[in-house]
Amino acid sequence: MVDAPDYDRLIDGEIWDYIARTEAHYPPDAVDLTVQEQRAVYDTMCAAFHAGRPSGVRTFDENHGGVSCRRYEVGASAQRLVYYHGGGFVVGGLDSHDDICAEICAQTGFRVISVDYALAPENVFPHCFDDAWNAYCAIAETFGSQIVLAGDSAGGNLAAAVSHHARGRVSKPLGQVLIYPGLGGDHGTGSYIRHANAPQLTTRDMAFYQMLRSGGQDRGGDPRYAPLQDTDFADLPPTVVITAECDPLSSDGESYRDALLGAGGRALWLEEAGLVHGYLRARTMSGKARASFGRIVQAIRDIGTGVWPPAL
């Protein structure tokens, strides 16, 4: 029996304010809504949190590999970041993470390209992976293969899946920065048990999203679906995984780091104390979330310019 975490002690007032603001738009029981209703309330929530684009960032909506994308630029740059948004493979899109991508662009100077992969349940696995992969290959062909991959939550899963799939097929990315990703770890251990009922994401929520994404089929053992279930972790790019302490997915970060290190790779895992799943949106309200976003940007900048380990 695992003692329930004392979230009143672990989570500070700023994050509780963020949680309240989130739930004013996107209720804790959102998985009980229809998919269209979930998308509507999620889009409303993201619009409420949108912090605007920094001055000087230009955007271009374009197609790469048959997939809608949005490119962010502040000037000529040899560094590129491909970003996959979160949302459980069910909600989200180019607008939901627009200000996040714009801020990463402004702070790093990198060309950032956000990928609008197809969502479930209309498009079950492997459609979302295929979009992520096709966009990556087309972006590499258009802008050059020196690319950093990044993504949050479901997008972190896609970034890692693309990195695994790239080996032996195309030029692998320079590195990857995975933000509270779901990588297909053991649901019977660690944070999956301790934080099963955490604020912002529960294991019940996760089961709902996985059912829609998989089409109700067993996808176990396929690294395109669950990178942690790969049998080979060699020759993967330098990796930074940043997770939230109060999140059932946190253990995936630790397990993935250990798998890469065990195969002789370069990997760092950082668990952010007192933060919850989805905290990127809290960066304008919370000192902890803002500091973590700074570390994420630093990791992207350092990996993209060949610095290891990143100065986190």
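Just so you know, residue 1 is the first one in the sequence shown, and it goes up from there. From a predicted model like this one, the values you see are computed outputs, not experimental measurements. Values below: all heavy atoms of this structure, side chains included; hydrogens, waters and symmetry mates excluded.
Comment: Arg71 engages Glu62 in a salt bridge, judged by a side-chain N to carboxylate O separation of less than 4.0 angstrom. Contact check on Glu103 versus Arg283 returns a salt bridge, with a Lys/Arg side-chain nitrogen under 4.0 Å from an Asp/Glu carboxylate oxygen. Residues Asp235 and Lys172 are paired through a salt bridge, judged by an N-O separation under 4.0 Å between the basic side chain and the carboxylate.
Taking both residues in full, the closest heavy atoms of Ile11 and Cys246 are given as CG1-SG, 3.9 Å, listed atom of the first, atom of the second, then distance. Residues Cys69 and Ala135 come closest through the heavy atom pair SG-CB, 4.4 Å.
His164 has its ring centre less than 6.0 Å from the ring centre of Phe233.
No donor-acceptor pair under 3.5 Å is formed between the side chain of Glu245 and the backbone N or O of Val276. Counting only distance, with no hydrogens or angles, the side chain of Asp252 and the backbone of Leu183 share a donor-acceptor pair below 3.5 Å. Formation of a donor-acceptor pair under 3.5 Å by the Arg219 side chain with backbone atoms of Phe125 is found in this model. The backbone N or O of Ser250 lies less than 3.5 Å from a partner atom in the side chain of Ser191, making a donor-acceptor pair. Under a 3.5 Å cut-off, the side chain of Arg21 and the backbone N or O of Ala48 do form a donor-acceptor pair.
With sequence neighbours left out, the side chain to side chain contact (heavy atoms under 4.5 Å, CB included) criterion links Ala267 to Thr239, Arg257, Leu260, Leu261. Every residue meeting the ring pair (Phe, Tyr, Trp, His ring centres under 6.0 Å) condition with Tyr117, not counting sequence neighbours, appears here in chain and number order: His85. Every residue two or more places apart in sequence or in another chain that forms a salt bridge (Lys or Arg N to Asp or Glu O under 4.0 Å) with Arg204 is listed here: Asp32.
Note on residues 50-83: pairs passing ring pair (Phe, Tyr, Trp, His ring centres under 6.0 Å), not counting sequence neighbours, are His64-Phe143. Sorted by first then second residue, the side chain to side chain donor-acceptor pair (under 3.5 Å) pairs that include residues 129-150, not counting sequence neighbours, number zero.
Inspection of the His97 and Tyr84 side chains reveals no N or O donor paired with an N or O acceptor under 3.5 Å.
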With a cut-off of 3.5 Å and sequence neighbours excluded, list every side-chain donor-acceptor pair involving residues 299-312.
residue: Arg301; atom: NH1; partner: Gln298; partner atom: OE1; Å: 3.0
residue: Arg301; atom: NH2; partner: Gln107; partner atom: O; Å: 2.7
residue: Asp302; atom: OD1; partner: Gln298; partner atom: NE2; Å: 2.9
residue: Asp302; atom: OD2; partner: Gln298; partner atom: NE2; Å: 3.2
residue: Asp302; atom: OD2; partner: Ala311; partner atom: N; Å: 2.8
residue: Thr305; atom: OG1; partner: Arg301; partner atom: O; Å: 2.8
residue: Thr305; atom: OG1; partner: Asp302; partner atom: O; Å: 3.3

